[in-house]
**Q** 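Can you keep this structure in mind? I'll have questions shortly.
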Amino acid sequence: MTGVVVHLLEAGAVLDGVAVQRGATLRLRLHDVQLDDVAQQVCQRGPRPTVRPTVRPSVARIIEGMPEPPAAVMNNRLDTLAANPLCRALYSEMYADPTCQANVARFAFLNPAGRRFYADREPMARFAVGALRIEAGRSPDDRELTNLIGELSTRSDALRVMWGSHDVHVFRESTKRLNHPLVGDLELDQETMSLPDESGLSVVVYSAPPNTPAEDGLKLLAGWSATTAQDQDQDTESTSRPSTRRP
């Protein structure tokens with residue numbers, strides 16, 4: 001891990017909600033993140049209005065229409081804003097818990113199933129903390145982000161410790177080892193691609209190398225997802241069909 005010094009040359013730059021004076025120095029220990037990306041995201045000229053980007057309908061249609069691999073659109077608060085059926089099946093335990101609000105950080109830190117789901121929990125947890133730290137520097141006036149960090153800090157000892165370490169871990173690509181309750185262990189490659197606009201949203205895609213147990217697991221998961229969706233459609237059709245029984 002390399003120590004990198006970022007000089008904040010602009011007065012009024014904000015990190016973690018605290019104004020930084022001109023000429024101050026911020027020392028970040030970085031891993032797999034480019035210095036210019038951090039400088040651009042952390043060194044802002046004063047408070048900015050909160051922006052709540054939404055997924056463009058065309059992007060949502062593309063994601064929803066992908067049968068595989070698992071894919072989702074996420075914002076910088078780690079909210080999952082759109083996902084295809086296979087990704088929803090992959091994160092079925094997160095979606096089953098309404099208190100998670102489809103937020104990966106809540107799932108990882110607050111849900112017991114999330115702590116079991118991430119086989120490599122430490123890297124995932126540090127990634128989540130690093131992503132939230134960077135976003136806190138970019139958007140200090142984001143009330144939803146502030147509430148999320150406050151909630152996580154209050155309810156998770158692990159997050160409080162990691163937050164206090166001031167590490168920033170951002171991964172655009174990585175290997176995720178997941179433990180799914182239906183198909184077992186999955187070792188998936190993750191790629192994160194920023195959308196080509198000013199929304200700050202990213203598309204996250206998981207894939208399995210060919211001829212691996214993870215590929216077989218995703219196929220099983222896709223079959224389960226399709227069967228579940230078909231059953232739900234049949235239930236909806238049966239409940240909406242008017243009764244033909246005579247009184």
Side-chain angles (χ1 to χ4, degrees), residues 4 6 8 10 12-20 26 28 30-64 66 70-84 87-88 91 94 100-109 123-152 159 162-163 166-174 176 190-206:
V4 179
V6 179
L8 304 181
E10 293 291 339
V14 176
L15 179 66
D16 293 347
V18 179
V20 180
L26 171 67
L28 301 177
L30 306 179
H31 185 78
D32 282 358
V33 63
Q34 296 299 321
L35 175 59
D36 56 348
D37 290 339
V38 175
Q40 179 181 2
Q41 295 183 41
V42 175
C43 304
Q44 301 295 324
R45 297 184 178 183
R48 304 187 314 163
T50 298
V51 178
R52 292 178 175 81
T54 57
V55 181
R56 296 198 310 274
S58 59
V59 174
R61 288 194 299 269
I62 292 172
I63 295 297
E64 287 284 349
M66 293 173 60
V73 179
M74 300 183 67
N75 63 17
N76 292 329
R77 291 193 300 270
L78 304 183
D79 297 318
T80 306
L81 305 181
N84 65 355
C87 190
R88 289 195 292 269
Y91 279 86
M94 180 183 74
C100 287
Q101 301 177 47
N103 181 274
V104 172
R106 283 193 181 95
F107 181 54
F109 282 102
M124 170 57 198
R126 291 196 176 278
F127 157 77
V129 171
L132 294 178
R133 268 193 166 279
I134 289 178
E135 186 60 13
R138 294 182 62 220
S139 305
D141 297 328
D142 187 333
R143 184 175 297 275
E144 291 182 18
L145 176 64
T146 301
N147 291 342
L148 172 62
I149 294 172
E151 176 189 358
L152 296 175
L159 183 132
M162 291 182 183
W163 193 273
H166 297 278
D167 285 353
V168 176
H169 294 249
V170 178
F171 303 92
R172 285 288 169 181
E173 65 281 331
S174 64
K176 286 284 191 297
Q190 175 187 313
E191 296 288 342
T192 303
M193 297 159 281
S194 299
L195 291 176
D197 53 28
E198 300 300 321
S199 66
L201 303 181
S202 298
V203 175
V204 181
V205 182
Y206 301 93

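Along the sequence shown, residues carry numbers from 1. Computed from heavy atoms alone, side chains included, the values below leave out hydrogens, waters and symmetry copies.
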**Q** With sequence neighbours excluded, tell me which residues meet salt bridge (Lys or Arg N to Asp or Glu O under 4.0 Å) with R56.
**A** D197
**Q** Identify the two heavy atoms, one from Y206 and one from Q190, that lie closest to each other, and give their separation to 0.1 Å.
**A**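 Here Y206 and Q190 meet closest at CE2-OE1, 3.5 Å.
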**Q** Which atom names give the shortest non-hydrogen contact between A72 and T80, and what distance separates them?
**A** CB-CG2, 3.9 Å
**Q** Locate the shortest heavy-atom distance separating A108 from M124; write the atom from each residue and the value.
**A** CB-CE, 4.4 Å
**Q** With sequence neighbours left out, write down each residue that passes side-chain hydrogen bond (donor to acceptor under 3.5 Å, both in side chains) with N147, or none if nothing qualifies.
**A**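 With sequence neighbours excluded, N147 shows a side-chain hydrogen bond (donor to acceptor under 3.5 Å, both in side chains) to no residue whatsoever.
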**Q** Whether the T146 and E144 side chains hold a donor-acceptor pair (N or O, under 3.5 Å, no angle test) is what I'd like checked.
**A** no
**Q** Could you list the residues that satisfy side-chain hydrogen bond (donor to acceptor under 3.5 Å, both in side chains) with D79, not counting sequence neighbours?
**A**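 D79 satisfies side-chain hydrogen bond (donor to acceptor under 3.5 Å, both in side chains) with N75, R77, N103 only.
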**Q** Within this structure, what is the CG-CE distance for the pair L201 and M193, rounded to the nearest 0.5 Å?
**A**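 That separation rounds to 13.5 Å.
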**Q** So how far is it from M162 CE to R133 CZ, rounded to the nearest 0.5 Å?
**A** 12.5 Å
**Q** If the condition is ring-ring contact (aromatic ring centres under 6.0 Å, His included), which residues does Y91 pass it with, not counting sequence neighbours?
**A**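 Checked Y91 against ring-ring contact (aromatic ring centres under 6.0 Å, His included); matches are F117.
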**Q** Taking the side chain as every heavy atom from C-beta outward, state whether E151 and R106 have any atom pair closer than 4.5 Å.
**A**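 The answer is yes; the side chains approach within 4.5 Å.
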**Q** Within a strict 4.5 Å, meaning less than it, do heavy atoms of the F127 and V104 side chains meet?
**A** no
**Q** Compare all side-chain heavy atoms of M74 with those of S202 and state whether any distance is below 4.5 angstrom.
**A** no
**Q** Report yes if some heavy atom in the side chain of E191 is under 4.5 Å from a heavy atom in the side chain of V204; otherwise report no.
**A**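 When only atoms from C-beta onward are counted, V204 and E191 do not touch, as no gap falls below 4.5 Å.
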**Q** Applying side-chain contact (heavy atoms from CB on, under 4.5 Å), name anything that partners E64, two or more places apart in sequence or on another chain.
**A** P85, R88
**Q** Do V203 and T192 touch side chain to side chain, with heavy atoms closer than 4.5 Å?
**A** no
**Q** For A105 versus L132, what's the shortest heavy-atom pair and its separation?
**A**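 Scanning both residues, the minimum pair turns out to be CB-CD1, 4.2 Å.
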**Q** Starting at CD1 of I149, measure out to CG of L159 and round the result to the nearest 0.5 Å.
**A**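 CG of L159 is found 8.5 Å from CD1 of I149.
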**Q** Mind checking side-chain contact (heavy atoms from CB on, under 4.5 Å) for A71 and listing every partner two or more places apart, or none if nothing turns up?
**A** I63, M66, N84, V205
**Q** State, to 0.1 Å, how close F109 and A128 come at their nearest heavy-atom pair, and which atoms those are.
**A** CE1-CB, 4.0 Å
**Q** Between CG of N76 and OG of S199, what distance do you get to the nearest 0.5 Å?
**A**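 Output value for this atom pair is 8.5 Å.
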**Q** State, to 0.1 Å, how close L78 and A131 come at their nearest heavy-atom pair, and which atoms those are.
**A** CD2-CB, 4.2 Å
